[in-house]
Amino acid sequence: MVNTARRAVRTPQRGVPTFYPSGRYNVLNRMPKLPSYLAMRVPLLDLGEQYRALSEPIREAIDDVLASHRFILGPKVQAFEKAICAYCNVPHAVGVSSGTDALLAILMALGIGPGDAVITTPYTFFATAGCIARVGARPLFADIDPETYNISPSAIRECLEKNCQVDSDGASRAKSGEKVRAIVTVHLFGLCCEMDALHEISERFQLDLIEDAAQAIGAEFPFGESAAKAGTMGEVGFFSFYPSKNLGAAGDAGMIVCRDEALAKKLRAFREHGMEPRYFHHVIGGNFRLDEIQAAILGVKLPFLERWAAARRAAADFYGAEFARAELTERITPPAAPYRDRGLTNHHVYHQYVIRAPMRDALREHLDKREIETAIYYPLGLHEQKCFAYLGYKKGDFPETERAARETLALPIYPEISREAQRYVVDAIAEFYGSQPANQPKTT
(Lines give C-alpha, C1' and ligand atoms only; values in the text may rest on other atoms or scores of the structure.)
Protein backbone atom coordinates (compact mmCIF):
# COMPACT_ATOMS: atom_id res chain seq x y z
CA MET A 1 0.00 0.00 0.00
CA VAL A 2 1.32 3.44 -0.90
CA ASN A 3 1.96 5.75 2.03
CA THR A 4 -0.71 8.41 2.34
CA ALA A 5 -0.01 11.87 3.69
CA ARG A 6 -2.06 12.66 6.78
CA ARG A 7 -3.03 15.93 8.41
CA ALA A 8 -2.25 16.39 12.08
CA VAL A 9 -5.07 17.83 14.16
CA ARG A 10 -4.69 18.82 17.80
CA THR A 11 -7.35 17.67 20.18
CA PRO A 12 -8.29 20.18 22.90
CA GLN A 13 -8.14 17.49 25.62
CA ARG A 14 -4.51 16.44 25.08
CA GLY A 15 -2.79 19.01 22.93
CA VAL A 16 -0.86 16.41 20.95
CA PRO A 17 -1.00 15.61 17.24
CA THR A 18 -3.47 12.87 16.32
CA PHE A 19 -5.52 11.90 13.30
CA TYR A 20 -9.22 11.30 12.94
CA PRO A 21 -11.87 11.16 10.18
CA SER A 22 -15.23 11.79 11.80
CA GLY A 23 -15.03 12.13 15.59
CA ARG A 24 -15.45 8.42 16.38
CA TYR A 25 -13.30 7.78 19.42
CA ASN A 26 -11.43 4.74 20.72
CA VAL A 27 -13.30 3.44 23.79
CA LEU A 28 -10.02 2.76 25.65
CA ASN A 29 -8.72 6.32 25.79
CA ARG A 30 -11.02 8.49 23.64
CA MET A 31 -8.27 8.77 21.04
CA PRO A 32 -9.65 9.00 17.51
CA LYS A 33 -9.79 5.75 15.57
CA LEU A 34 -7.60 5.38 12.50
CA PRO A 35 -9.51 4.82 9.24
CA SER A 36 -8.12 2.25 6.85
CA TYR A 37 -7.35 4.80 4.15
CA LEU A 38 -4.84 6.51 6.45
CA ALA A 39 -2.62 3.42 6.75
CA MET A 40 1.11 3.65 6.24
CA ARG A 41 3.68 0.89 5.99
CA VAL A 42 6.06 0.67 8.97
CA PRO A 43 8.84 -1.94 8.61
CA LEU A 44 10.45 -3.58 11.60
CA LEU A 45 13.81 -2.37 10.28
CA ASP A 46 14.71 -0.13 7.35
CA LEU A 47 18.36 0.03 6.30
CA GLY A 48 17.69 2.18 3.26
CA GLU A 49 18.41 5.58 4.79
CA GLN A 50 21.61 4.32 6.41
CA TYR A 51 22.91 3.06 3.09
CA ARG A 52 21.89 6.20 1.20
CA ALA A 53 23.86 8.31 3.68
CA LEU A 54 26.99 6.12 3.54
CA SER A 55 26.81 4.63 0.04
CA GLU A 56 29.70 6.65 -1.36
CA PRO A 57 32.32 5.85 1.33
CA ILE A 58 31.13 2.23 1.45
CA ARG A 59 31.58 1.84 -2.29
CA GLU A 60 35.01 3.47 -2.09
CA ALA A 61 36.04 1.07 0.68
CA ILE A 62 34.87 -1.93 -1.35
CA ASP A 63 36.69 -0.65 -4.43
CA ASP A 64 39.87 -0.36 -2.34
CA VAL A 65 39.59 -4.04 -1.44
CA LEU A 66 38.93 -5.10 -5.02
CA ALA A 67 41.87 -3.07 -6.26
CA SER A 68 44.19 -4.46 -3.58
CA HIS A 69 43.40 -8.12 -4.35
CA ARG A 70 43.69 -8.72 -0.57
CA PHE A 71 40.43 -10.54 0.15
CA ILE A 72 41.29 -12.60 3.25
CA LEU A 73 42.63 -11.14 6.53
CA GLY A 74 44.13 -8.09 4.86
CA PRO A 75 44.71 -4.50 6.04
CA LYS A 76 40.98 -3.69 6.29
CA VAL A 77 40.48 -6.52 8.80
CA GLN A 78 43.50 -5.37 10.79
CA ALA A 79 42.28 -1.75 10.78
CA PHE A 80 38.79 -2.75 11.89
CA GLU A 81 40.16 -4.96 14.68
CA LYS A 82 42.24 -2.01 15.90
CA ALA A 83 39.19 0.28 15.75
CA ILE A 84 37.12 -2.18 17.81
CA CYS A 85 39.92 -2.36 20.38
CA ALA A 86 39.80 1.42 20.72
CA TYR A 87 36.00 1.53 20.84
CA CYS A 88 35.69 -1.20 23.46
CA ASN A 89 38.88 -0.28 25.37
CA VAL A 90 40.34 -3.77 25.10
CA PRO A 91 43.81 -4.85 23.92
CA HIS A 92 42.72 -7.66 21.61
CA ALA A 93 40.07 -8.07 18.90
CA VAL A 94 39.85 -11.02 16.53
CA GLY A 95 37.69 -10.69 13.41
CA VAL A 96 35.67 -13.80 12.55
CA SER A 97 33.08 -14.92 10.04
CA SER A 98 29.96 -14.57 12.22
CA GLY A 99 28.73 -14.29 15.78
CA THR A 100 28.01 -18.01 15.74
CA ASP A 101 31.55 -18.84 14.66
CA ALA A 102 32.86 -16.44 17.29
CA LEU A 103 31.29 -18.48 20.08
CA LEU A 104 32.33 -21.74 18.45
CA ALA A 105 35.95 -20.56 18.27
CA ILE A 106 35.86 -19.36 21.90
CA LEU A 107 34.59 -22.69 23.20
CA MET A 108 37.22 -24.55 21.16
CA ALA A 109 40.01 -22.26 22.34
CA LEU A 110 38.96 -22.72 25.98
CA GLY A 111 39.08 -26.48 25.50
CA ILE A 112 35.38 -26.97 26.25
CA GLY A 113 33.99 -30.18 24.78
CA PRO A 114 32.74 -33.68 25.62
CA GLY A 115 32.44 -34.21 29.36
CA ASP A 116 31.83 -30.50 30.00
CA ALA A 117 28.71 -28.44 30.64
CA VAL A 118 28.02 -24.74 30.07
CA ILE A 119 25.27 -22.69 31.72
CA THR A 120 23.27 -20.32 29.53
CA THR A 121 19.80 -18.90 29.00
CA PRO A 122 16.95 -20.74 27.26
CA TYR A 123 15.60 -17.39 26.02
CA THR A 124 18.00 -16.46 23.24
CA PHE A 125 18.78 -17.15 19.61
CA PHE A 126 19.49 -20.81 18.91
CA ALA A 127 23.20 -20.35 18.16
CA THR A 128 24.10 -19.68 21.81
CA ALA A 129 23.16 -23.18 22.99
CA GLY A 130 23.72 -24.69 19.56
CA CYS A 131 27.45 -23.92 19.68
CA ILE A 132 27.75 -25.47 23.14
CA ALA A 133 26.20 -28.66 21.80
CA ARG A 134 28.31 -28.57 18.62
CA VAL A 135 31.57 -28.83 20.57
CA GLY A 136 30.15 -31.83 22.46
CA ALA A 137 29.39 -30.04 25.73
CA ARG A 138 26.03 -30.08 27.50
CA PRO A 139 23.91 -26.90 27.70
CA LEU A 140 22.53 -26.24 31.19
CA PHE A 141 19.73 -23.69 31.24
CA ALA A 142 18.89 -21.09 33.90
CA ASP A 143 15.72 -19.01 33.70
CA ILE A 144 15.49 -15.29 32.91
CA ASP A 145 14.63 -12.17 34.85
CA PRO A 146 10.99 -11.29 34.00
CA GLU A 147 11.72 -7.56 33.58
CA THR A 148 14.93 -7.53 31.53
CA TYR A 149 14.63 -10.96 29.81
CA ASN A 150 18.33 -11.48 30.58
CA ILE A 151 19.56 -14.55 32.41
CA SER A 152 18.83 -14.36 36.14
CA PRO A 153 21.86 -14.54 38.49
CA SER A 154 19.67 -16.12 41.17
CA ALA A 155 18.55 -18.78 38.69
CA ILE A 156 22.20 -19.55 37.91
CA ARG A 157 22.96 -19.91 41.62
CA GLU A 158 20.00 -22.24 41.99
CA CYS A 159 21.16 -24.30 39.02
CA LEU A 160 24.63 -24.67 40.55
CA GLU A 161 23.53 -25.21 44.16
CA LYS A 162 20.53 -27.47 43.62
CA ASN A 163 21.19 -29.21 40.31
CA CYS A 164 24.94 -29.69 40.53
CA GLN A 165 27.29 -31.32 43.01
CA VAL A 166 30.80 -30.25 43.99
CA ASP A 167 33.75 -32.61 43.53
CA SER A 168 36.62 -32.92 45.98
CA ASP A 169 38.66 -30.59 43.77
CA GLY A 170 35.97 -27.90 43.99
CA ALA A 171 34.60 -28.39 40.48
CA SER A 172 30.83 -28.42 39.96
CA ARG A 173 29.28 -31.29 38.07
CA ALA A 174 25.85 -31.63 36.52
CA LYS A 175 23.65 -34.52 37.63
CA SER A 176 24.49 -36.18 34.32
CA GLY A 177 28.19 -36.08 35.26
CA GLU A 178 29.60 -33.28 33.12
CA LYS A 179 31.99 -30.75 34.64
CA VAL A 180 30.53 -27.23 34.58
CA ARG A 181 33.12 -25.07 32.83
CA ALA A 182 31.55 -21.76 31.90
CA ILE A 183 28.61 -19.38 31.82
CA VAL A 184 27.54 -17.87 28.51
CA THR A 185 25.54 -14.79 29.38
CA VAL A 186 23.52 -13.06 26.66
CA HIS A 187 23.01 -9.29 26.64
CA LEU A 188 19.58 -9.53 25.07
CA PHE A 189 17.89 -6.87 22.94
CA GLY A 190 20.65 -4.31 23.65
CA LEU A 191 20.67 -4.37 27.48
CA CYS A 192 23.60 -5.63 29.56
CA CYS A 193 23.10 -8.43 32.07
CA GLU A 194 23.84 -7.92 35.77
CA MET A 195 27.55 -8.41 35.25
CA ASP A 196 28.66 -7.70 38.81
CA ALA A 197 26.48 -10.53 40.13
CA LEU A 198 27.53 -12.85 37.30
CA HIS A 199 31.19 -12.07 37.94
CA GLU A 200 30.79 -13.02 41.59
CA ILE A 201 29.17 -16.32 40.62
CA SER A 202 31.84 -17.15 38.05
CA GLU A 203 34.62 -16.53 40.57
CA ARG A 204 32.91 -18.46 43.36
CA PHE A 205 32.37 -21.53 41.18
CA GLN A 206 35.59 -21.19 39.13
CA LEU A 207 33.81 -20.75 35.81
CA ASP A 208 34.82 -18.86 32.68
CA LEU A 209 32.42 -16.00 31.95
CA ILE A 210 31.70 -15.64 28.22
CA GLU A 211 29.68 -12.64 27.03
CA ASP A 212 27.35 -13.10 24.07
CA ALA A 213 27.07 -9.44 23.08
CA ALA A 214 25.76 -10.18 19.59
CA GLN A 215 22.81 -7.81 20.13
CA ALA A 216 24.50 -5.26 22.37
CA ILE A 217 27.62 -3.69 20.89
CA GLY A 218 28.23 -0.40 22.68
CA ALA A 219 25.83 -1.09 25.56
CA GLU A 220 27.26 -0.16 28.95
CA PHE A 221 27.06 -1.48 32.50
CA PRO A 222 28.13 0.28 35.73
CA PHE A 223 30.90 -2.25 36.37
CA GLY A 224 33.03 -1.52 39.41
CA GLU A 225 33.86 2.16 39.65
CA SER A 226 33.34 2.97 35.97
CA ALA A 227 31.26 2.11 32.94
CA ALA A 228 32.25 -0.93 30.89
CA LYS A 229 31.02 -1.97 27.47
CA ALA A 230 29.25 -5.23 26.69
CA GLY A 231 31.72 -7.96 25.81
CA THR A 232 34.57 -6.61 27.94
CA MET A 233 33.64 -7.72 31.47
CA GLY A 234 34.18 -11.48 31.29
CA GLU A 235 37.12 -13.57 30.17
CA VAL A 236 36.04 -13.09 26.57
CA GLY A 237 33.13 -11.59 24.63
CA PHE A 238 31.88 -11.49 21.08
CA PHE A 239 29.70 -9.53 18.65
CA SER A 240 27.65 -10.33 15.58
CA PHE A 241 27.57 -7.97 12.60
CA TYR A 242 24.64 -9.66 10.89
CA PRO A 243 23.05 -7.00 8.61
CA SER A 244 20.15 -6.26 10.99
CA LYS A 245 22.41 -5.61 14.00
CA ASN A 246 23.06 -2.08 15.32
CA LEU A 247 26.40 -2.32 13.52
CA GLY A 248 25.66 -4.46 10.50
CA ALA A 249 27.75 -5.80 7.63
CA ALA A 250 26.52 -6.69 4.16
CA GLY A 251 26.50 -10.35 5.09
CA ASP A 252 27.77 -12.46 7.98
CA ALA A 253 30.60 -11.16 10.16
CA GLY A 254 31.65 -11.22 13.81
CA MET A 255 34.30 -10.15 16.32
CA ILE A 256 35.84 -11.58 19.51
CA VAL A 257 37.33 -9.30 22.17
CA CYS A 258 39.45 -10.23 25.17
CA ARG A 259 42.21 -8.95 27.46
CA ASP A 260 44.38 -12.08 27.62
CA GLU A 261 47.15 -12.13 25.01
CA ALA A 262 47.57 -15.91 25.06
CA LEU A 263 43.85 -16.45 24.47
CA ALA A 264 43.84 -13.92 21.62
CA LYS A 265 46.77 -15.73 19.97
CA LYS A 266 44.98 -19.04 20.32
CA LEU A 267 41.78 -17.59 18.83
CA ARG A 268 43.68 -16.27 15.82
CA ALA A 269 44.99 -19.78 15.20
CA PHE A 270 41.58 -21.39 15.67
CA ARG A 271 39.96 -19.06 13.10
CA GLU A 272 42.41 -20.45 10.50
CA HIS A 273 42.05 -24.20 10.98
CA GLY A 274 44.35 -24.14 14.03
CA MET A 275 47.24 -23.09 11.80
CA GLU A 276 50.33 -21.49 13.43
CA PRO A 277 52.59 -20.92 11.57
CA ARG A 278 51.19 -21.40 8.08
CA TYR A 279 50.58 -25.07 7.16
CA PHE A 280 51.48 -26.26 10.67
CA HIS A 281 48.48 -27.43 12.73
CA HIS A 282 48.81 -28.16 16.45
CA VAL A 283 45.03 -28.09 17.01
CA ILE A 284 41.96 -28.55 14.84
CA GLY A 285 40.27 -25.21 14.29
CA GLY A 286 37.86 -23.97 11.67
CA ASN A 287 37.48 -21.56 8.78
CA PHE A 288 36.26 -18.61 10.84
CA ARG A 289 37.93 -15.69 9.04
CA LEU A 290 36.38 -12.25 8.65
CA ASP A 291 36.07 -11.23 5.00
CA GLU A 292 38.09 -8.20 3.98
CA ILE A 293 35.10 -6.61 2.22
CA GLN A 294 32.91 -6.95 5.31
CA ALA A 295 35.64 -5.41 7.45
CA ALA A 296 35.88 -2.51 5.00
CA ILE A 297 32.13 -1.84 5.23
CA LEU A 298 32.11 -2.13 9.02
CA GLY A 299 35.07 0.23 9.27
CA VAL A 300 33.04 2.89 7.47
CA LYS A 301 30.04 2.38 9.74
CA LEU A 302 31.70 2.12 13.17
CA PRO A 303 32.22 5.91 13.65
CA PHE A 304 28.43 6.37 13.40
CA LEU A 305 27.51 3.70 15.97
CA GLU A 306 27.20 6.06 18.94
CA ARG A 307 24.96 8.42 16.96
CA TRP A 308 22.73 5.54 15.90
CA ALA A 309 22.50 4.25 19.47
CA ALA A 310 21.42 7.71 20.66
CA ALA A 311 18.76 7.82 17.95
CA ARG A 312 17.47 4.40 19.00
CA ARG A 313 17.22 5.57 22.62
CA ALA A 314 15.35 8.69 21.53
CA ALA A 315 12.92 6.51 19.58
CA ALA A 316 12.46 4.25 22.61
CA ASP A 317 11.76 7.26 24.83
CA PHE A 318 9.21 8.53 22.30
CA TYR A 319 7.43 5.18 22.33
CA GLY A 320 7.23 5.43 26.13
CA ALA A 321 5.76 8.93 25.98
CA GLU A 322 3.27 7.87 23.33
CA PHE A 323 2.14 4.85 25.34
CA ALA A 324 1.45 7.21 28.24
CA ARG A 325 -0.35 9.65 25.95
CA ALA A 326 -2.52 6.83 24.60
CA GLU A 327 -3.21 5.51 28.12
CA LEU A 328 -1.68 2.15 27.28
CA THR A 329 0.60 1.78 30.28
CA GLU A 330 -1.98 -0.36 32.09
CA ARG A 331 -2.13 -2.73 29.12
CA ILE A 332 1.38 -3.19 27.76
CA THR A 333 4.80 -3.29 29.43
CA PRO A 334 7.63 -1.42 27.66
CA PRO A 335 11.25 -2.55 27.84
CA ALA A 336 13.00 -2.17 31.20
CA ALA A 337 15.84 0.34 31.48
CA PRO A 338 17.36 -0.49 34.90
CA TYR A 339 20.61 1.44 34.35
CA ARG A 340 19.02 4.65 33.03
CA ASP A 341 19.91 6.68 36.15
CA ARG A 342 23.39 5.21 36.67
CA GLY A 343 25.30 7.89 34.75
CA LEU A 344 25.77 5.82 31.59
CA THR A 345 25.56 7.12 28.03
CA ASN A 346 24.57 3.81 26.46
CA HIS A 347 22.50 2.34 29.29
CA HIS A 348 20.49 0.56 26.56
CA VAL A 349 21.09 0.41 22.80
CA TYR A 350 17.68 -1.02 21.84
CA HIS A 351 18.67 -3.56 19.22
CA GLN A 352 15.01 -4.52 19.58
CA TYR A 353 12.13 -2.68 21.24
CA VAL A 354 10.24 -5.53 22.93
CA ILE A 355 6.98 -5.07 24.80
CA ARG A 356 4.85 -7.48 26.81
CA ALA A 357 1.31 -7.50 25.54
CA PRO A 358 -1.86 -9.40 26.50
CA MET A 359 -3.41 -11.20 23.52
CA ARG A 360 -0.03 -10.85 21.81
CA ASP A 361 -0.85 -12.95 18.75
CA ALA A 362 -4.15 -11.15 18.10
CA LEU A 363 -2.40 -7.81 18.49
CA ARG A 364 0.26 -8.86 16.01
CA GLU A 365 -2.38 -9.87 13.50
CA HIS A 366 -4.11 -6.51 14.00
CA LEU A 367 -0.86 -4.61 13.39
CA ASP A 368 -0.06 -6.71 10.35
CA LYS A 369 -3.37 -5.70 8.79
CA ARG A 370 -2.31 -2.09 9.24
CA GLU A 371 1.02 -2.85 7.54
CA ILE A 372 3.02 -2.55 10.76
CA GLU A 373 5.75 -5.18 10.81
CA THR A 374 6.53 -6.88 14.12
CA ALA A 375 8.53 -9.91 15.24
CA ILE A 376 8.48 -12.50 18.01
CA TYR A 377 11.82 -13.12 19.73
CA TYR A 378 11.49 -16.03 20.57
CA PRO A 379 8.38 -18.24 20.13
CA LEU A 380 9.87 -21.17 22.08
CA GLY A 381 12.38 -21.48 24.87
CA LEU A 382 15.39 -23.50 23.80
CA HIS A 383 14.47 -26.20 26.32
CA GLU A 384 11.32 -26.80 24.25
CA GLN A 385 13.14 -27.14 20.93
CA LYS A 386 12.98 -30.66 19.53
CA CYS A 387 16.75 -30.91 18.96
CA PHE A 388 17.35 -30.37 22.70
CA ALA A 389 14.88 -33.01 23.87
CA TYR A 390 17.85 -35.18 24.89
CA LEU A 391 18.65 -32.69 27.67
CA GLY A 392 15.61 -33.94 29.56
CA TYR A 393 13.91 -30.60 30.23
CA LYS A 394 10.14 -30.32 30.08
CA LYS A 395 7.54 -27.63 29.68
CA GLY A 396 7.21 -25.67 32.91
CA ASP A 397 10.87 -25.96 33.89
CA PHE A 398 11.57 -22.32 33.00
CA PRO A 399 8.32 -20.43 33.56
CA GLU A 400 9.65 -16.91 32.92
CA THR A 401 11.14 -17.97 29.61
CA GLU A 402 7.88 -19.62 28.59
CA ARG A 403 5.85 -16.58 29.62
CA ALA A 404 8.11 -14.26 27.65
CA ALA A 405 7.77 -16.53 24.62
CA ARG A 406 3.96 -16.16 24.86
CA GLU A 407 3.73 -12.45 25.61
CA THR A 408 6.57 -10.48 24.00
CA LEU A 409 6.42 -8.59 20.72
CA ALA A 410 9.11 -6.51 18.99
CA LEU A 411 7.93 -3.22 17.52
CA PRO A 412 9.63 -1.29 14.70
CA ILE A 413 12.76 0.55 15.79
CA TYR A 414 15.80 1.86 13.92
CA PRO A 415 17.72 5.15 14.06
CA GLU A 416 15.81 6.83 11.24
CA ILE A 417 12.27 5.82 12.22
CA SER A 418 9.95 8.83 12.03
CA ARG A 419 7.89 10.06 14.95
CA GLU A 420 4.85 9.94 12.68
CA ALA A 421 5.47 6.23 12.06
CA GLN A 422 5.89 5.57 15.79
CA ARG A 423 2.71 7.46 16.62
CA TYR A 424 0.89 5.43 13.97
CA VAL A 425 2.14 2.22 15.64
CA VAL A 426 0.98 3.35 19.08
CA ASP A 427 -2.40 4.53 17.80
CA ALA A 428 -2.91 1.16 16.11
CA ILE A 429 -2.13 -0.62 19.39
CA ALA A 430 -4.58 1.68 21.20
CA GLU A 431 -7.18 0.92 18.56
CA PHE A 432 -6.74 -2.81 19.18
CA TYR A 433 -7.09 -2.61 22.96
CA GLY A 434 -9.95 -0.14 22.66
CA SER A 435 -11.99 -2.90 21.04
CA GLN A 436 -11.21 -5.34 23.87
CA PRO A 437 -12.93 -5.73 27.26
CA ALA A 438 -11.88 -3.00 29.68
CA ASN A 439 -10.90 -5.53 32.38
CA GLN A 440 -8.28 -7.25 30.21
CA PRO A 441 -5.30 -7.54 32.61
CA LYS A 442 -1.86 -6.11 32.01
CA THR A 443 0.93 -8.65 31.71
CA THR A 444 3.31 -8.64 34.67
Side-chain angles (χ1 to χ4, degrees), residues 1-50 189-190 308-335 337 340 348-360 362-375 408-436 440 442:
M1 183 178 294
V2 179
N3 288 0
T4 305
R6 304 185 295 164
R7 179 175 297 171
V9 180
R10 291 189 180 274
T11 62
Q13 297 96 329
R14 303 185 185 278
V16 295
T18 188
F19 310 96
Y20 60 91
S22 59
R24 291 189 304 162
Y25 284 86
N26 185 308
V27 297
L28 174 67
N29 51 28
R30 297 192 304 165
M31 294 299 294
K33 291 184 177 180
L34 294 174
S36 60
Y37 65 80
L38 291 183
M40 66 168 66
R41 180 180 176 275
V42 186
L44 185 69
L45 171 67
D46 185 355
L47 296 173
E49 186 60 35
Q50 181 186 110
F189 304 144
W308 293 336
R312 285 174 177 270
R313 274 192 302 280
D317 288 345
F318 187 79
Y319 267 135
E322 286 295 290
F323 287 138
R325 183 268 302 175
E327 299 180 9
L328 283 167
T329 54
E330 294 303 314
R331 290 298 184 98
I332 63 96
T333 304
R340 178 186 292 276
H348 203 313
V349 295
Y350 292 100
H351 174 56
Q352 304 294 350
Y353 188 89
V354 177
I355 64 171
R356 281 192 191 268
M359 299 178 290
R360 189 269 313 273
L363 172 62
R364 191 183 189 204
E365 182 178 353
H366 170 86
L367 296 178
D368 182 63
K369 289 178 180 177
R370 281 144 186 79
E371 299 197 62
I372 298 168
E373 189 177 2
T374 60
T408 55
L409 186 69
L411 301 182
I413 193 166
Y414 44 93
E416 301 82 11
I417 192 170
S418 71
R419 299 300 175 255
E420 181 187 23
Q422 288 186 268
R423 186 173 290 118
Y424 176 66
V425 172
V426 173
D427 285 349
I429 294 172
E431 179 189 40
F432 172 78
Y433 286 117
S435 65
Q436 306 302 321
Q440 179 67 37
K442 175 182 177 179

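To the nearest 0.5 Å, atom CD1 of residue I355 and atom CG of residue L363 are 6.0 Å apart. For the atom pair R312 CZ and Y353 OH, the distance stands at 13.5 Å (nearest 0.5 Å). In this structure, CZ in F318 is found 12.0 Å from CD1 in I413, a value given to the nearest 0.5 Å. To the nearest 0.5 Å, the span separating CD on Q422 from CD1 on I372 amounts to 11.5 Å. Note: E373 CD to L45 CG = 8.5 Å, rounded to the nearest 0.5 Å. Taking OH of Y414 as the start and CG of L47 as the end, the distance is 10.0 Å to the nearest 0.5 Å.
With sequence neighbours left out, A321 forms a side-chain contact (heavy atoms from CB on, under 4.5 Å) with no residue at all. Qualifying side-chain hydrogen bond (donor to acceptor under 3.5 Å, both in side chains) partners for E49, counting only residues two or more places apart in sequence or in other chains: R52. For A309, the side-chain contact (heavy atoms from CB on, under 4.5 Å) test picks out R313, N346, V349, with sequence neighbours left out. Taking H348 as the reference, nothing meets the side-chain hydrogen bond (donor to acceptor under 3.5 Å, both in side chains) condition, with sequence neighbours excluded. Partners of A311 by side-chain contact (heavy atoms from CB on, under 4.5 Å), not counting sequence neighbours, listed by chain and number: P415. Among residues two or more places apart in sequence or in another chain, the side-chain hydrogen bond (donor to acceptor under 3.5 Å, both in side chains) test is passed with D368 by none.
Scanning all heavy atoms of the two residues, the minimum distance from Y319 to P412 falls at OH-O, 2.7 Å. Shown here for A410 and L44, the closest heavy-atom pair between the two residues is O-CD1, 3.7 Å. The shortest non-hydrogen separation linking A357 to Y433 is CB-OH, 3.3 Å. A430 approaches A326 most closely through the heavy-atom pair CB-CB, 4.2 Å.
Paired with T374 under the rule side chain to side chain donor-acceptor pair (under 3.5 Å), one option of E365, R360, R364 passes, and it is R364.
Checked for salt-bridge contact, R41 and D46 miss the test: no charged N lies under 4.0 Å from a carboxylate O. Ionic pairing of R325 and E322 is present here: one or more N-O contacts between side-chain nitrogen and carboxylate oxygen are shorter than 4.0 angstrom.
Looking at I429 and L367, their side chains come closer than 4.5 Å, going by heavy atoms from C-beta outward. A heavy-atom distance below 4.5 Å is found between the side chains of R419 and I417. Side-chain contact between F189 and T408: absent, with no pair of heavy atoms (C-beta onward) separated by less than 4.5 Å.
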For a salt bridge (charged side-chain N to carboxylate O under 4.0 Å, His left out) check, start with the C-alpha distance between R370 and D427, then their side-chain angles and the critical distance, and finish with the verdict. CA-CA 11 Å; R370 281 144 186 79; D427 285 349; over 6 Å; no
